[in-house]
Amino acid sequence: MEEREQEAKKSEEEVTETAETASEKQTDAGTGQTEQDVRDTAQAPAEDAADASENADAPQAEGAHKPDAKDVKIEELTDKYKRLFAEFDNYRKRTDAEKSGMYADGQRSMLEKILPIIDNFERAAGNVPEELKDNAYVQGIEKVCRSTMDTLKGLGVEPIEAVGKEFDANLHNAVMHVEDETYGENIVADEFQKGYTYKGKVIRYSMVKVAN
């Protein structure tokens, strides 16, 4: 009796162990499949994202070598505008310089024609006898001469100093040389015709006699 109970109990334990072993294997198999599925599921979006990134970069790389036609046109027009502006600016500066030069040349030419008149007034005033210096007519000539010179000075005309100054080829025109110990060497001893400058530039050289 006791031997039968022991055998039955042993058989029951073996059945239980067998069932537990089968259950553990089934669980291990299920767990392994689940982990594999998770890895596959996680890897799939990453691959999809990489493919999408490559597809997105491909058109962009192609576009970098082929600029938009609108941008090319804008660049061409901008370059054309800059070149035209530079050409116009050079033209404006050139015409301004030419106009200024023409204006200065015109004034210089006019003054050169007026200077002989001034010379005549000065000769007339310088050759008046002493007894006639108080004459109203003579005084009128002197006033006209002074008024004309004041007007010319206002325009930038200045007489060139000559007598007693050292000869300067940039201002004086030596037409005669004289040996005179009262003057130093290369000193202007006399002036035959007065010279003038206009805004710092000579419009007529002084005609002088120089002591050696």
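Quick note: numbers below take in every heavy atom, side chains included, and nothing from hydrogens, waters or symmetry partners.
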What distance do Gln193 atom CD and Arg123 atom CZ have between them, rounded to the nearest 0.5 Å?
-> 6.5 Å
Between Ala162 and Val188, the two heavy atoms sitting closest are O-CB, 3.2 Å
With distance as the sole test, does Thr95 use its side chain to make a donor-acceptor pair with the main-chain N or O of Tyr91 at under 3.5 Å?
-> yes
Please name the pair of heavy atoms, one in Val178 and one in Ala189, separated by the smallest distance, quoted to 0.1 Å.
-> CG1-CB, 4.3 Å
Under 4.5 Å between side-chain heavy atoms, hopping through other hydrophobics if needed: is there a path connecting Met110 to Ile117?
-> no
For Arg204, which of Asp119, Thr197, Asn173 qualifies under side chain to side chain donor-acceptor pair (under 3.5 Å)?
-> Asp119
Could you go through the side-chain contact (heavy atoms from CB on, under 4.5 Å) check for Lys153 and Glu158 one step at a time?
-> CA-CA 6 Å; Lys153 286 182 179 180; Glu158 293 289 341; 4.2 Å; yes
Can you name the residues that form a salt bridge (charged side-chain N to carboxylate O under 4.0 Å, His left out) with Arg108, not counting sequence neighbours?
-> Asp105
Salt bridge or not for Asp89 and Arg92, using N-O below 4.0 Å?
-> yes
Atom pair NZ/CD of Lys209 and Glu191 - distance to nearest 0.5 Å | 12.5 Å
What closest approach, in Å, do Ile187 and Tyr183 show between heavy atoms, and which atom pair accounts for it?
-> CG2-CD2, 4.0 Å
Please walk me through it: do Arg83 and Asp79 pass salt bridge (Lys or Arg N to Asp or Glu O under 4.0 Å)?
-> CA-CA 6 Å; Arg83 285 188 283 105; Asp79 182 67; 3.1 Å; yes
Co-membership, hydrophobic cluster, residues Tyr205 and Val208, 4.5 Å side-chain | no
Closest non-hydrogen atom pair between Pro159 and Tyr196, with its separation | CA-CD2, 3.6 Å
To the nearest 0.5 Å, what is the distance between CG (Leu111) and CG (Leu152)?
-> 6.5 Å
Is there a donor-acceptor contact under 3.5 Å from the side chain of His172 to the main chain of Glu161?
-> yes
Ala125 and Lys133: which non-hydrogen atoms are nearest, and at how many Å?
-> O-NZ, 4.4 Å
Closest non-hydrogen atom pair, Ala124 against Ile141 | CB-CG2, 4.5 Å
For the residue pair Ile203 and Leu115, establish whether any side-chain heavy-atom pair is separated by less than 4.5 Å.
-> yes
d(Met176 CE, Asp190 CG) to nearest 0.5 Å is 8.5 Å
Only one of Glu75, Lys70, Glu76 passes side-chain contact (heavy atoms from CB on, under 4.5 Å) with Lys73; say which it is.
-> Glu76
Enter the distance from Leu132:CG to Asn127:CG here, rounded to the nearest 0.5 Å.
-> 12.0 Å
When hydrophobic residues are tied together by side-chain contacts of less than 4.5 Å, even through go-betweens, does Met149 share a cluster with Val157?
-> yes
Does Gln139 reach the side chain of Asp134, with side-chain heavy atoms less than 4.5 Å apart?
-> yes
Worked verdict on Val202 versus Asn170 for side-chain contact (heavy atoms from CB on, under 4.5 Å) = CA-CA 8 Å; Val202 176; Asn170 296 318; over 6 Å; no
When rounded to the nearest 0.5 angstrom, what is the spacing between CD in Glu179 and CD in Glu185?
-> 9.0 Å
